[in-house]
Amino acid sequence: MNLFANIRELVVAELEALMAEGVLPKGLDLSGVAVEPPRDAGHGDMATNAAMVLAKPAGMAPRAIADALAGRLMEDPRVAGADVAGPGFLNLRLEPVAWQGLVRAILLDGTAYGRSQLGQGRKVNVEFVSANPTGPMHVAHARGAVVGDALAALLSYAGYDVTREYYINDGGGQVDVLARSAFERYREANGLSPEIAEGLYPGDYLIPVGMALKAKYGTSLLDQPESVWLADVRTLSTEMMMAMIREDLAALGVKMDVYSSEKALYGTGQIEAAIERLKALGLIYQGVLEPPKGKAPDDWEAREQTLFRSTQFGDDQDRPVQKSDGSWTYFAPDIAYHYNKVGRGFDELINIFGADHSGYVKRLKAVVSALSENRVTLDIKLIQLVKLLKGGQIVKMSKRAGTFVTLRDLIDEVGPDVVRFVMLTRKNDVALDFDFDKVTEQSKDNPVFYVQYANARVNSILRKARAEASLDVSDAALSASHLSHLAHEAELGVIKKLAEWPRLVEIAAKGNEPHRVAFYLYELASDLHGLWNRGNDDDSLRFLQPDSAISTAKIALARAVGVVICAGLGILGVTPVEEMR
RNA sequence: GCACCCAUAGCUCAGCUGGAUAGAGCGUUGCCCUCCGAAGGCAAAGGUCGCACGUUCGAAUCGUGCUGGGUGCACCA
């Protein structure tokens, strides 16, 4: 149930009736008519811009339209008032019974309250993390992982058919470097001293790989040239790295539906087919790129390469798909991979990338739009950096100095719930400060705690009601309570916030912006805490009352808040705790 | 040099895809606990939404041009 959508339907129906009666000209486009919460609560419960958007096409004064509409809306039992205000807004006030009915609806729907048909089952692929399989995940990956996972959950809640996907970059030079690094650890496992040259991965996490290599190959590879062992060592190393990454993801509560391998694209003809397709569209040609402007590298030389015409899509320059020696660049398998996704029938593709991939956006969008003949949209969310703060100091991270913080370190220190929630308290395109001191603090400054605490309070009310008053607080019993007892403006205010939830889900899903859910939950928690605190001064606003009928109604409201918080935390992937310790 | 992102209260940030008097937390100031739901609560002050034009009934939001900050820019993925 979406109260705003319901009232919008009412408004549209009345506008259509006015057209049928000839009060308004026929055939007006009503798609711009919106019913929204007013910014200022003093203006009523809902506002519609109908009169203003229709004034011009109807050739009428906004006021005349608003007056006619107001008269008709007043006949609906849910509508208590309809006032024309400002430049032509129609402000609606709803009868308390409309709000009280919403509490019942929430209790009956459970966490499905707020689910939307917005997506209409359209197939969406969310590709995220896609960290190179050369080491454990670190904090830079964590934000992308959380945002991608929450976005996937949000879209699923909003009625899309969602696939979570990880693209394994196991086809390029970096996995050869991995293999060479692992080989040194293999030598080490056999009692030789490893020579970890500049450019190899020095991390300890490769020691188990060296031991595994020894277990599998014994000493047989030691005196062999690289050409003999490289492929085998690479395969085993990437498998072990991916196993580690999967564990890291699992620790964060992220579960992928599909892992796609770059390497698996080679030798299948998929790359060639994708390039052929682009060639048929006239987007591939042999050519020489201009030297880069601004900075002039000394070693620049003209090279004839196979190029993709991405300038045709607004990119600064065309992009090579083949190196001068004829082998593929990293871009080529990426083209094939996206062609593959298009071929799997997705209607929308979403990629979650680190901000350092910003230069990659235009060419990928170009590829998807060309390969799908504009059928499929690609939205790329760039995730800005996370700055770690500890004791007011920036935690400096450097792979070379070995001081980078792994995702696992982060989870071990503050727990997955805190990591997930905090990573969602910013828009993706804004840098995020992750302050260890703040996020573990139990106070109002800490949004994680604040939202969790609201849910814990709801559960505490339920526990008390059961234990001390022996009330039946099942959702069925609560939904059958006399909700007319919820008449105070403070209580109705909380219900109004609950009414915004389905609307918020749709707004967040339309913009692929899961952070909106986190902010909404904070506001809802704040409203619940506010109502709770008013119980300090005004006994009649306490949730537990001497009269069990009144008590049940108030508990129903608290429970409805708990339901929505659980629904929201479910999208964010954060555990709703029942009790604060 | 080019591209992308950011700029809103002293600080950290929201802001419903163009709506009415721009919001929250922190900080500041002032009130409120012998007891009852204070790991707190109530209230106040605090703004040229970086600047300038433009689009229209209406702009923090859209467009153009600036200014300042970040990131990335030829066979690395």
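Note that these values count all heavy atoms, side chains included, but never hydrogens, waters or copies made by symmetry.
- Listed pair A:H515 / B:G15 meets the phosphate criterion, a side-chain N or O lying under 4.0 Å from OP1 or OP2.
- Residue order along RNA chain B, read from the 5' end via each residue's closest nucleotide, puts A:D539 first among A:K323 and A:D539.
- Contact annotation: A:K56 reaches the phosphate of B:C57 (side-chain N/O to OP1 or OP2, under 4.0 Å).
- By the stacking rule of 5.5 Å between ring centres and under 30° between planes, A:F89 stacks on the base of B:A20.
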Item checked: Protein-to-nucleotide contact annotation, 5' to 3' order, nucleotides 2-8 of chain B [B base; S sugar-phosphate only; - none; under 4.0 Å, heavy atom] -> -SSSS--

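- Nucleotides B:G41 and B:C4 have their C1' atoms positioned 46 Å apart, rounded to a whole Å.
- Side-chain atoms of A:M52 lie closest to B:G19 of the nucleotides B:G15, B:G19, B:A77.
- Map A:E523 and A:H357 each onto its nearest nucleotide of RNA chain B; the residue landing nearer the 5' end is A:E523.
- Dashed line: the shortest gap from a side-chain N or O of A:R534 to OP1 or OP2 of B:C42 is not under 4.0 Å.
- Distances from the side chain of A:Y330 to the nucleotides B:U56, B:U17, B:C75 place B:C75 closest.
- Taking only side-chain atoms of A:A47, from C-beta outward, the nucleotide of B:C75, B:G72, B:A20 with the closest atom is B:A20.
- No hydrogens or angles were tested; on distance alone, nothing pairs the side chain of A:N533 with the base of B:A38 as donor and acceptor under 3.5 Å.
- Among the atoms of the strands shown, base atoms are found under 4.0 Å from some heavy atom of A:Y453.
- Comparing B:A14, B:U17, B:A39 by their closest approach to the side chain of A:R426 singles out B:A14.
- Remark: A:K390 pairs with A:V395, A:E413, A:F436 by the side chain to side chain contact (heavy atoms under 4.5 Å, CB included) rule, at least two apart or across chains.
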